[in-house]
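These notes are about the structure you will find just below.
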Amino acid sequence: MYKKRECKVQNEVQIICPYCGLMIELPMCKAVNSEEITCKHCQNKFKFKM
């Protein structure tokens, strides 16, 4: 009778490096937990803030 809805939670999220502008794709849990992110291109470290 009821249709089962699909969960639309993303497994990966895209973030732009504040230093070089490169788009980085990483797991959602890493961004949400404010873990330190290292840019693959410029090697600078930063934290994602919502």
#### Entry: Atom pair CD1 (Ile16) and CG (Leu22), whose distance is rounded to the nearest 0.5 Å
9.5 Å

### Query
Closest approach of Cys17 and Ile24, non-hydrogen atoms and distance?
CB-CD1, 4.1 Å

### Task
Flag the pair Glu12 / Leu26 as yes when at least one side-chain heavy-atom distance between them is below 4.5 Å, and no otherwise.
no

### Query
Can you tell me how far NZ of Lys40 sits from SG of Cys20, rounded to the nearest 0.5 angstrom?
12.0 Å

### Summary
Value for CG (Asn44) from CD1 (Ile37), rounded to nearest 0.5 Å, stands at 12.5 Å

#### Entry: Nearest-0.5 Å distance, CD of residue Glu25 to CD of residue Gln14
5.0 Å

